[in-house]
Protein chains: 2
Amino acid sequence: MIPQHISKLQEKGFRMTQARSSIINLLENTDHPITASSIHKILKRIGVSINITTVYREIEFLLNERIIEKVPLMDNELHYEVTGRPHHHHLFCTSCSSIKDIVLQSEKGLLEEVHDASSYDITRHSLAFFGTCPDCK
Amino acid sequence: MIPQHISKLQEKGFRMTQARSSIINLLENTDHPITASSIHKILKRIGVSINITTVYREIEFLLNERIIEKVPLMDNELHYEVTGRPHHHHLFCTSCSSIKDIVLQSEKGLLEEVHDASSYDITRHSLAFFGTCPDCK
DNA sequence: ATATTAATGCAACTTGTTTGCATTATATAA
DNA sequence: TTATATAATGCAAACAAGTTGCATTAATAT
């Protein structure tokens, strides 16, 4: 995985600290959305102890820089994932709480319908599917 | 609007208190998902002062009874809406923060694709679209 | 009317997130 | 290489959403 986000930030003149680079690297290597406290715990487990406040501030920063984005879930915690990976949506297993990415072909027609029916200028969308994964069946 | 939810609860032997009936009536007459604190504030404004704790407990109760359901949004607050209304999804205006219902025809093919591609048993789904509404353009 | 117990209100608590401020450390210039 | 400016950080306190324990109130059945 090429750290394109890191070089992009450095070019813009932002400092590359251990907290920043380890949060970006973690998110780049995670294939599903995670929460602030997950980021904090995972980094601590691998020996990168950064303050939870810093995690929140870094998330805010990365959101502003469009390096990560929010993913809406059913619970009341905010989850995040890096932008720029192939467009996809999420599958939630209501049994084991796992989250899986899914790429869909048939969303194009859906978006056209939304645009035509609503007269909104749609800039983003989020599709989430809930059910039981093969392992839990 | 026929208070079918209320009679259903009474048949099941639950008590019909002012808090319960006014929360149900409010949700039945709201065409978009709202939060616990919205419920609390709106009811207070119309002269129904119920404790915020009661609002949360009532929401839990109504979720259990499948009279309302959670709607996942981008913020970190939980929104709720009554079940049983025609199947629909949500449009969010990122300019004025309004939420609007939308009924979609083309989601059937989407669900088939999800099922075929994932081997999950899908029980629910949630589609959300973000953009600028006609009024804000 | 009375009894049963579901529903409620209050206060305290937990958890997630934000803010103020003093300190640390990265990147740049001398 | 050292000094400088200030971005980034940590800590503590504050804040907000949601939860819990417990004593009180009130809706329904008798």
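Just so we're clear, the structure is a prediction, and the values are computed from it rather than from any experiment. Chain identifiers are assigned alphabetically (A, B, ...) following the order of the sequence lines, protein sequences preceding nucleic acid strands; residue numbering begins at 1 within each chain. Reckoned from all heavy atoms, side chains included, excluding hydrogens, waters and symmetry mates.
For A/Gln10, the CD atom is densely surrounded, since the number of other residues' heavy atoms within 6.0 Å is greater than 12. By the neighbour-count criterion of 12 heavy atoms within 6.0 Å, atom CD of A/Glu65 is densely surrounded, having more than that number from other residues, nucleotides or ligands.
Remark: C1' of D/dT9 and CE of A/Met16 are 15 Å apart, rounded to the nearest angstrom. Atom CG of A/Leu43 and atom C1' of D/dT9 are 15 Å apart (whole Å). Between the CD1 atom of A/Ile50 and the P atom of D/dA7 there is a distance of 20 Å, given to the nearest Å. Between the CG atom of B/Leu9 and the C1' atom of C/dA7 there is a distance of 13 Å, given to the nearest Å. Taking atom CD1 of B/Ile52 as the reference point, atom P of C/dC13 lies 20 Å away to the nearest angstrom. Between the CZ atom of B/Arg57 and the P atom of C/dG9 there is a distance of 9 Å, given to the nearest Å. Atom CZ in A/Arg20 sits about 6 Å away from atom P in D/dT9, given to the nearest Å. Computed from coordinates, the A/Asn51 CG to C/dT23 C1' distance equals 13 Å when rounded to whole Å.
When each of B/Ser49 and B/Gly13 is assigned the nucleotide of DNA chain C with its nearest heavy atom, B/Gly13 is the one assigned upstream, toward the 5' end. For B/Gln10 and B/Ser37, each mapped to the nucleotide of DNA chain D holding its nearest heavy atom, the one lying further toward the 5' end belongs to B/Ser37. Residue-to-nucleotide proximity on DNA chain D shows that, of B/Tyr56 and A/Thr53, the 5′-proximal contact is made by A/Thr53.
For C/dA6, the base has a donor-acceptor partner in the side chain of B/Arg15 [N/O atoms by modelled type, under 3.5 angstrom].
Counting non-hydrogen atoms under 4.0 angstrom, A/Thr17 reaches the backbone sugars and phosphates but no base. As judged by a 4.0 angstrom heavy-atom cut-off over every strand, B/Glu58 is placed among residues touching the sugar-phosphate backbone only.
The aromatic rings of B/Phe14 and B/Phe61 sit perpendicular to each other, their planes meeting at more than 60°, with 30° as the lower class boundary. Ring geometry for B/His90 versus B/Phe92: interplanar angle of 30 to 60°, hence tilted.
Distances shown here put a side-chain N or O of A/Thr54 below 4.0 Å from the OP1 or OP2 atom of D/dG10.
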**Asked** Should B/His125 and B/His89 be marked as a side-chain contact (heavy atoms from CB on, under 4.5 Å) after you check the CA-CA gap, both sets of side-chain angles, and the distance that decides it?
**Response** CA-CA 9 Å; B/His125 64 279; B/His89 297 287; 3.3 Å; yes
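The A/Phe14 side chain lies nearest to D/dA8 when the options are C/dT17, D/dA8, C/dT8.
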